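Let me begin by presenting the structure, written as structure tokens, before commenting on it.
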Amino acid sequence: IDVDRIEVLRGPQGTLFGKNTTAGAFNIFTKKPTFTPTGKAELSYGNYNFIQAKASVSGGLTKNIAARVSFSGTQRQGTVFHEKQQQYYNGLNNFGLKGQVLWLPTDKLEILISGDYSVQTPDGYSLSVTGITKTQRSAYRQYDSIIKDLGYARPTINPFSRRIETDAPWKHNQVISGAHVNVDYKLGNGTLTSTTAWRFWDWDPVNDRDFTGIPALSKSQASSRHNQYSQELRYAGNISKKASGVIGVFYLNQDLFTPTSQLEEVGSAQWRFVQTASTGAQARYSTPGLLDNYGIKTNFDLKSVSAAIFSQVDWEIAKGLHLLPGLRYNYDKKDLNYSRTTYGGLQTTDPALLALKKAVYSDQAFSTSTTNTNLSANVTLAYKASDNFNAYATYSNNYKTVGLNLGGLPTKGTTDSADLSLAEVKPEYVQHFEIGIKTRPFKGAILNITAFNTDITDYQTTVQVPQIGLNRGYLANAEKVNVKGIEIDVTYQYSKNFSVNAALAYTDAKYVSFVNAPLPLEETGKTVNGQQVAFVDASGGRLPGVSKINFSGGFEWTFTKGKFFNRTGKFFVAGDASYRSDYSSNPTPSAVLNIDGYGLINERIGFKSDNFTIFLWGRNVTATKYFEQLQAAAGNSGVYVGVLGDPRTYGVTLKFNFQ
């Protein structure tokens, strides 16, 4: 409720916004405290017992000190029902509080102190079984054969019935908080800024990793805590009549660790999912109690240090023609200690049974460290021919920093030792070219067109493999990726009472080279000349999560002056729509893990005056059934699951303002 504006910065933003901004960044500005008393409140109610309250008040405390306090709380019943537990999942239960103090001790000095605290404690976000496909494993290893032997019925495959049948509870609790002090001091022809910040994130989830009522992968508790401290010092101002610039330094210290041991645990039915033959030594997996409540406790501590020096200049080399070069030198260091120990299951000294247990979960411990340096640069040439036409061309490069895997590593061959060659994830390097125009072709209209080409070397992607000892896979590198496209944005303010906007994007994103990609689900168990195949060449395949066509648009029409509750104002109607074409939902292109294209429509109608607004709203008003994500269930037995998009929701919102 206290957001002032959001800037969408497209393309690599490494010079001023740092590492990991390889595709762009969102720059979110919060409203500062005001000395004039102001406030607003918002209350919403909707279906699924949706209740949301927001409030923000601001005003002066003394002649040169002002404060703002903002609050938000949201509750909503879940949209997925667990019949055995008689409980709804995928709901909302959020609370957030933010306070700011602005101190103006002199005309040249401004000090802003801010702190925020938010808690999210929903009943969990479950995934629904979406389908079962045949893999290339033997008939004995197919999902239907497995559950037949266990005496379980095939799970219901109707995800949009919004019913689940897992045998373990779900929980996704998190706390996000932090504080910062920002000091601006006018010095010479510019401003010297110091930003000191601290943030933390507590994450405490519980999942059922087989997503069914079968006691197989029955527990996944991957709690973690993230602390970070940062300091930035920069100076921005005029260099001459024709040039301005910014120069600064940045330091970040992070610690990501497990406050309590992460747990992964299998249940009494897991033996049948890992047994490779119905006869012979492997059949001993069915030894009573062998894998019951057998699991691993994981602890890790990842310490990271990041530092940078950066600068950018805006130089008007001729009237209307600007050259904007920028540089950033980055340094990163990471140290990881990782430890995983097994527990539970049948206590035995039988070497054969111990070997079977170890093939499911094994002890693993390693320590590793890495450092990386990088020089990011960009240069933009912009020409403003008039107030209504601006053209530009940009070259930039950027990177995602070196990484260390902390979800466990695959084992080497038939041994149970960790493959340390996969501990480090190479940095991701990006080269980006962009040209565009920003125009006002006629009164009230804005037309912007951008074309771009991005080449990514050592693209960082998540690899999912059949080994259940890996917590949702691990990070790896694809050798090269290319993303290119064109984006068109249009806004038209026909009158002060009617406006429309639309955006259209075409994006072609593919692996140029990814020769050791993980097997897609349907190819699990693939053999060539009798040898098991672990990887596939995915070169030429499309990147996950990227639709070729994206469209969004909206309108707002204000009409008919009138009164509502004795308040003078206007009635209005507004709506927006979006569409995205089909896209892959798996790191390796898969025949079954693709999401069909879909469109969504939102609408609202209401009344607004200077200090009061009421409107009815509906989201996904056509009740479109869609997935946000599809993924293979752990163990790759042929089951895949989906994250359901929200159903149709509707409600009413009241807003009040005062000053």
Side-chain angles (χ1 to χ4, degrees), residues 80-87 89 124 126-159 161-170 206-220 263-296 343-348 350 352-353 355-361 466-469 521-522 524-525 592 631-642:
V80 175
F81 187 65
H82 197 300
E83 294 185 357
K84 290 182 180 178
Q85 298 176 7
Q86 289 292 296
Q87 180 178 350
Y89 284 108
S126 63
L127 283 72
S128 301
V129 176
T130 301
I132 300 171
T133 189
K134 187 176 180 180
T135 70
Q136 292 190 28
R137 286 172 165 167
S138 67
Y140 183 75
R141 299 294 304 281
Q142 301 300 321
Y143 186 79
D144 285 340
S145 176
I146 292 171
I147 61 173
K148 181 180 179 181
D149 285 354
L150 290 170
Y152 287 96
R154 211 172 198 253
T156 302
I157 305 178
N158 181 15
S161 68
R162 296 188 178 272
R163 296 287 191 270
I164 59 173
E165 47 188 88
T166 56
D167 64 315
W170 295 75
V206 176
N207 305 298
D208 183 336
R209 285 186 69 196
D210 61 62
F211 309 105
T212 69
I214 300 173
L217 300 172
S218 54
K219 183 181 289 186
S220 177
L263 301 179
E264 296 281 333
E265 188 176 292
V266 297
S268 59
Q270 183 60 25
W271 67 270
R272 183 57 182 83
F273 285 85
V274 295
Q275 182 173 312
T276 58
S278 58
T279 60
Q282 290 293 325
R284 299 186 67 186
Y285 265 128
S286 60
T287 299
L290 179 65
L291 299 179
D292 291 10
N293 304 118
Y294 178 58
I296 48 176
Y343 69 90
L346 179 67
Q347 300 305 301
T348 178
D350 184 334
L353 294 180
L356 294 177
K357 291 177 67 175
K358 192 174 289 189
V360 177
Y361 286 134
Q467 295 182 29
I468 63 172
L521 175 61
E522 65 275 13
T524 300
V592 295
Q631 67 181 58
N636 291 18
S637 62
V639 177
Y640 55 98
V641 294

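All figures in this text were calculated on a predicted structure; none of them were measured in a lab.
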CG of Asn207 to OG1 of Thr166: how many Å apart, nearest 0.5 Å?
-> 10.0 Å

Evaluate side-chain contact (heavy atoms from CB on, under 4.5 Å) for Gln142 paired with Lys134, printing each intermediate quantity in order.
-> CA-CA 7 Å; Gln142 301 300 321; Lys134 187 176 180 180; 3.5 Å; yes

Hey, could you give me the OG1/CG distance between Thr135 and Asn636, rounded to the nearest 0.5 Å?
-> 8.5 Å

Rounded to the nearest 0.5 Å, the CD atom of Gln136 sits from the CG atom of Leu521 at a distance of 11.0 Å

Show the numbers, then the answer: is there a side-chain contact (heavy atoms from CB on, under 4.5 Å) between Val360 and Phe273?
-> CA-CA 10 Å; Val360 177; Phe273 285 85; over 6 Å; no

Out of curiosity, Leu353 CG to Thr287 OG1, how far, rounded to the nearest 0.5 Å?
-> 5.0 Å

Asp210-Thr212 side chain donor-acceptor pair, cut-off 3.5 Å | yes

Who pairs with Asp149 by salt bridge (Lys or Arg N to Asp or Glu O under 4.0 Å), at least two apart in sequence or on another chain?
-> Arg272

Report the C-alpha separation of Asp208 and Ile164 in whole Å, then their side-chain angles, then the decisive distance to 0.1 Å, and conclude whether the side-chain contact (heavy atoms from CB on, under 4.5 Å) test is met.
-> CA-CA 11 Å; Asp208 183 336; Ile164 59 173; over 6 Å; no

Only counting residues at least two apart or in another chain, list the ones meeting ring-ring contact (aromatic ring centres under 6.0 Å, His included) with Tyr143.
-> none

Results of ring-ring contact (aromatic ring centres under 6.0 Å, His included) for Phe81 - residues two or more places apart only = Tyr88

Going by atom types only, do Tyr361 and Glu265 share a side-chain donor-acceptor pair under 3.5 Å?
-> no

Interatomic distance, CG@Asp292 vs CH2@Trp271, rounded to 0.5 Å, equals 11.5 Å

Is there a side-chain contact (heavy atoms from CB on, under 4.5 Å) between Trp170 and Gln85 once you walk through the steps?
-> CA-CA 11 Å; Trp170 295 75; Gln85 298 176 7; 5.8 Å; no

Roughly how far, to the nearest 0.5 Å, is the CD1 atom of Ile146 from the CD atom of Gln270?
-> 9.0 Å

